[in-house]
A.B. asks: 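Pasting a structure here, questions to come.
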Amino acid sequence: MRKMNPSSGEAWIGYSLKITQHRLRQRLEAELTGIGVSASQNAVLLAISNNPQISNASLARAAFVTPQSMQGMLVTLERDGFIVRTPHPEHGRIIMTELTEKGKAAAQAGIIAAETVERQMLIGLTDDEARLLGDLLRRCADALEAA
């Protein structure tokens, strides 16, 4: 394990991750501009497309926002015509959230935008290096969750 020494000029891995995440987010936001959704909204549309009964708390986790922010985001997505929310026919407390045709088109375009940005990010890596990076990042995330 290497010793952390910020004065050495060597970037900490965590700092490098943050820079990469920030630039990734900026590029994704730029790609999504033409679609009319933010990166967080795109994550929500993708999560809804996989499960119309998904809870607001699960949507908040998928978009990395608070449950309170998620409620506002859902109101905006509904107002802008990306989703429709209706009570579940058998369980009145469950709200079904479904994508409209506009929402389905945006989710599909969001997938393409995310793939475009990811390809750009990985352009300097071989396929094996990209797989290894993905594996290493998952292991790092798992180690932090277990702590």
Side-chain angles (χ1 to χ4, degrees), residues 1-80 82-85 87-88 90-99 103-104 106-147:
M1 178 79 182
R2 69 187 182 111
K3 184 177 178 182
M4 298 293 187
N5 184 0
S7 63
S8 71
E10 189 178 331
W12 289 3
I13 291 172
Y15 184 70
S16 294
L17 278 171
K18 183 61 181 171
I19 290 170
T20 303
Q21 185 274 332
H22 178 72
R23 290 181 184 164
L24 177 68
R25 179 73 177 237
Q26 285 179 318
R27 288 295 311 128
L28 183 56
E29 291 288 355
E31 287 287 327
L32 292 170
T33 298
I35 300 167
V37 296
S38 68
S40 295
Q41 290 171 326
N42 184 55
V44 170
L45 294 177
L46 293 174
I48 292 168
S49 71
N50 291 326
N51 179 7
Q53 293 186 33
I54 191 168
S55 70
N56 283 11
S58 293
L59 285 173
R61 284 189 295 278
F64 300 101
V65 299
T66 65
Q68 295 82 358
S69 295
M70 179 51 54
Q71 185 58 38
M73 192 180 305
L74 289 172
V75 167
T76 299
L77 288 169
E78 187 170 31
R79 181 199 68 212
D80 293 347
F82 291 101
I83 62 170
V84 174
R85 302 172 76 209
H88 190 282
E90 297 167 11
H91 305 285
R93 292 184 52 186
I94 296 175
I95 301 295
M96 301 282 293
T97 305
E98 298 178 81
L99 299 181
K104 289 174 188 174
Q108 188 59 43
I111 290 170
I112 293 167
E115 288 172 350
T116 298
V117 172
E118 185 153 315
R119 273 194 308 276
Q120 181 183 10
M121 179 180 68
L122 299 174
I123 202 160
L125 303 180
T126 67
D127 289 346
D128 286 342
E129 288 172 330
R131 277 190 290 278
L132 177 60
L133 177 62
D135 181 53
L136 294 172
L137 290 172
R138 279 186 293 279
R139 287 167 45 196
C140 288
D142 290 347
L144 291 171
E145 188 162 21

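When reading the values below, keep in mind they use all heavy atoms of this one structure, side chains included, and skip hydrogens, waters and symmetry mates.
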A.B. asks: Looking at every non-hydrogen atom in both residues, tell me the closest pair between Ala62 and Ala43 and how far apart they are.
C.D. replies: O-CB, 3.7 Å
A.B. asks: Would you check, one step at a time, whether the test salt bridge (charged side-chain N to carboxylate O under 4.0 Å, His left out) holds for Arg131 with Asp128?
C.D. replies: CA-CA 5 Å; Arg131 277 190 290 278; Asp128 286 342; 2.6 Å; yes
A.B. asks: Do you know the tightest heavy-atom contact between Ile35 and Phe82?
C.D. replies: O-CZ, 4.1 Å
A.B. asks: Evaluate the side-chain proximity of Leu99 to Leu45: yes if any heavy-atom separation is below 4.5 Å, no if none is.
C.D. replies: yes
A.B. asks: Nearest 0.5 Å, please: how far is CG in Leu77 from OG in Ser38?
C.D. replies: 7.5 Å
A.B. asks: For residues His22 and Gln26, determine if any side-chain heavy atom of one lies less than 4.5 Å from a side-chain heavy atom of the other.
C.D. replies: yes
A.B. asks: Taking the side chain as every heavy atom from C-beta outward, state whether Leu59 and Met73 have any atom pair closer than 4.5 Å.
C.D. replies: no
A.B. asks: Please answer whether the main-chain N or O of Ala114 pairs with a side-chain N or O of Glu31 as donor and acceptor at a distance below 3.5 Å.
C.D. replies: no
A.B. asks: Decide yes or no for Ile19 and Arg23: does some side-chain heavy atom of the first lie under 4.5 Å from some side-chain heavy atom of the second?
C.D. replies: yes
A.B. asks: Should Gln120 and Thr116 count as side-chain neighbours, where that means a heavy-atom distance under 4.5 Å?
C.D. replies: no
A.B. asks: Could you check Arg139 against Asp135 for salt bridge (charged side-chain N to carboxylate O under 4.0 Å, His left out), going step by step and ending with a plain yes or no?
C.D. replies: CA-CA 6 Å; Arg139 287 167 45 196; Asp135 181 53; 3.3 Å; yes
A.B. asks: Search all heavy atoms of Leu46 against all heavy atoms of Ala107 and return the closest pair with its distance.
C.D. replies: CD2-O, 3.6 Å
A.B. asks: Would you indicate whether the side-chain heavy atoms of Gln68 and Gln71 approach each other to under 4.5 Å?
C.D. replies: no
A.B. asks: Show your reasoning for whether side chain to side chain contact (heavy atoms under 4.5 Å, CB included) applies to Val37 and Asp80.
C.D. replies: CA-CA 10 Å; Val37 296; Asp80 293 347; over 6 Å; no
A.B. asks: Could you check whether any side-chain heavy atom of Val44 comes within less than 4.5 Å of a side-chain heavy atom of Thr97, counting everything from C-beta outward?
C.D. replies: no
A.B. asks: Please answer whether the main-chain N or O of Ala47 pairs with a side-chain N or O of Asn51 as donor and acceptor at a distance below 3.5 Å.
C.D. replies: no
A.B. asks: CD of Gln21: more than 12 outside heavy atoms within 6.0 angstrom?
C.D. replies: yes
A.B. asks: Verify the neighbour count for atom CZ of Arg85: are there more than 12 heavy atoms of other residues, nucleotides or ligands below 6.0 Å?
C.D. replies: yes
A.B. asks: Write down the atom of Ala130, the atom of Leu122, and the distance for their closest heavy-atom approach.
C.D. replies: CB-CD1, 4.1 Å
A.B. asks: At what distance, to the nearest 0.5 angstrom, does CG of Leu74 lie from CZ of Arg79?
C.D. replies: 12.5 Å
A.B. asks: Distance from Arg61 atom CZ to Ser55 atom OG, nearest 0.5 Å?
C.D. replies: 6.0 Å
A.B. asks: For Ser40 and Val65, which heavy atoms make the closest approach, and how far apart are they?
C.D. replies: OG-CG1, 4.2 Å
A.B. asks: Measure the shortest side-chain to side-chain distance between Leu28 and Leu32 over non-hydrogen atoms and say whether it is less than 4.5 angstrom.
C.D. replies: yes
A.B. asks: Rounded to the nearest 0.5 Å, what separation is found between the CD atom of Glu78 and the CD atom of Glu98?
C.D. replies: 11.5 Å
A.B. asks: Distance from Lys18 atom NZ to Arg25 atom CZ, nearest 0.5 Å?
C.D. replies: 9.0 Å
A.B. asks: What's the separation between atom CG in Asp127 and atom CG in Leu132, rounded to the nearest 0.5 Å?
C.D. replies: 12.5 Å
